[in-house]
Amino acid sequence: MPHTQLPALAQHFRQCQNCYRSDVPLKNCSGCNRSHYCSRECQKAHWRLHKDRCNHNRDVRTLVREHDLNNETAPLPGELSRRDADAILKTWVHIYKPALQIAVVNALTLQSTPARCQTHLVDLTLAPTPSISRHQQSIPGSFEVEHVHVRSFDDAIAASAAHEGLQHLLDRIEEESVPVRERGGLGFAVLLTRVPMLGPMLLTPFGMMERLDDLPVDPRWEISLKRFIRRGVPI
């Protein structure tokens, strides 16, 4: 995917999570810094549905940390703590969110098989680079892509150390997807990001509020994603 295509495609997905408007300025939720809203009224109206998603990363990280402590994982590089690793990954995903969302759309072929977001997710495995750091300027270059696969929900749950928490979160995402599909959208497509060497795991749902039939298809989505990550330059 040419570099010039990404900002326009990314803007296509940026919508108010309650009323789905995209033609007005949007502000991020101050809790998770991911969901967007056009007004405080829309944010309040959506809170019942957003509350679990706003907290879900903490729940999964807790389960993963408990698993790591019980299995004596390798020490973290430098002076990084588990909390540092969690925070770095969360910020990294937010920085690359447009590229990650477009990769998820193409990996799941949502342009032609929209129902696939109800049964499959994209499993992204990262490895820390020597430059991993808590400093904001260094975060874009903190990870490199090790593997990226499309997995069924069942396979992802079975392979996850935090399988009970992952099942619960996927159930909640499906619950939130129902009204989106009733309005003509696809629901939520899911990215599971893992860093086995450090422990943290992050589940990121991307709202697909309308059909994507006319969206360009990138059959080389994996190469495109790795190229953006390798550049280490947020967009």
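In this chain, numbering begins with 1 at the start of the sequence shown.
A side-chain N or O of Asn106 and one of Gln111 form a donor-acceptor pair less than 3.5 Å apart.
In this structure, Asn28 and His94 have side chains that are in contact, with non-hydrogen atoms separated by less than 4.5 Å. Counting heavy atoms from C-beta on, the side chains of Leu170 and Phe188 never come closer than 4.5 Å. No side-chain heavy atom of Val150 sits under 4.5 Å from any side-chain heavy atom of Asp123. Looking at His36 and Cys16, their side chains never come closer than 4.5 Å, going by heavy atoms from C-beta outward. The side-chain heavy atoms of Pro25 and Cys38, taken from C-beta on, include no pair separated by under 4.5 Å. In this structure, Glu182 and Val178 have side chains that are in contact, with non-hydrogen atoms separated by less than 4.5 Å. Under the 4.5 Å side-chain criterion, counting only non-hydrogen atoms from C-beta, Phe143 is in contact with Leu198.
Listed for the Ser39 side chain is a donor-acceptor partner under 3.5 Å among the backbone atoms of Cys42. Judged by distance alone, with hydrogens and angles left aside, the side-chain atoms of Thr109 form no donor-acceptor pair with the main-chain N or O of Ser112 at under 3.5 Å. Side chain of Thr113 to main chain of Leu108: a donor-acceptor pair is present (N/O by atom type, distance under 3.5 Å, no hydrogens or angles). One N or O on the side chain of Tyr96 and one on the backbone of Pro140 form a donor-acceptor pair closer than 3.5 Å.
Once rounded to the nearest 0.5 Å, the distance linking CZ of Arg181 with SG of Cys117 reads 7.0 Å. Taking CD1 of Ile139 as the reference point, atom OG of Ser131 lies at 11.0 Å (rounded to 0.5 Å). Atom CZ of Phe206 sits about 7.0 Å away from atom CE of Met208, to the nearest 0.5 Å. With rounding to the nearest 0.5 Å, the separation of CH2 in Trp47 from CD in Gln17 is 13.5 Å. Between atom NZ of residue Lys97 and atom CD1 of residue Ile102 there is a gap of 12.0 Å, rounded to the nearest 0.5 Å. Taken from CG in Leu89 to CG in Leu202, the straight-line distance is 5.0 Å, to the nearest 0.5 Å.
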Check the pair Met201 / Thr193 against side-chain contact (heavy atoms from CB on, under 4.5 Å), numbers first and verdict last.
CA-CA 6 Å; Met201 181 173 68; Thr193 307; over 6 Å; no

Go through it in stages, so that I can follow the logic: the residues are Leu191 and Leu121, the test is side-chain contact (heavy atoms from CB on, under 4.5 Å), and I'd like the CA-CA distance, side-chain angles, deciding distance and then a yes or no.
CA-CA 6 Å; Leu191 172 69; Leu121 55 73; over 6 Å; no

Checking side-chain contact (heavy atoms from CB on, under 4.5 Å) for the pair Ser177/Gln118: CA distance, chi angles, key distance, verdict?
CA-CA 9 Å; Ser177 291; Gln118 301 174 40; over 6 Å; no

side-chain contact (heavy atoms from CB on, under 4.5 Å) evaluation trace for Leu186 with Leu110
CA-CA 9 Å; Leu186 305 187; Leu110 298 183; 4.2 Å; yes

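Below 30°, between 30° and 60°, or above 60°: for His149 and His147 the angle between ring planes is below 30°, a parallel geometry.
Checked against a 6.0 Å centroid threshold, the rings of His46 and Tyr37 count as neighbours.
Taking the charged nitrogens against the carboxylate oxygens, Asp218 and Arg220 have no contact shorter than 4.0 Å, which rules out a salt bridge. Ion pairing between Glu222 and Lys226 holds under the 4.0 Å rule for side-chain N and carboxylate O. Between Lys44 and Glu41, no side-chain nitrogen of the basic residue sits less than 4.0 Å from a carboxylate oxygen of the acidic one, so the salt-bridge criterion is not met.
Paired with Val195 under the rule side chain to side chain contact (heavy atoms under 4.5 Å, CB included), one option of Thr125, Ile88, Leu124, Leu126 passes, and it is Leu126.
Considering all non-hydrogen atoms of both residues, Ala107 and Val122 come closest at CB-CG2, 3.7 Å. Heavy atoms only, all atoms of each residue included: Cys29 and Gln43 are closest at CA-NE2, 3.9 Å. In this structure, Gly207 and Gln101 approach most closely via the heavy-atom pair O-NE2, 3.8 Å. Shown here for Glu146 and Ala127, the closest heavy-atom pair between the two residues is OE2-CB, 3.8 Å.
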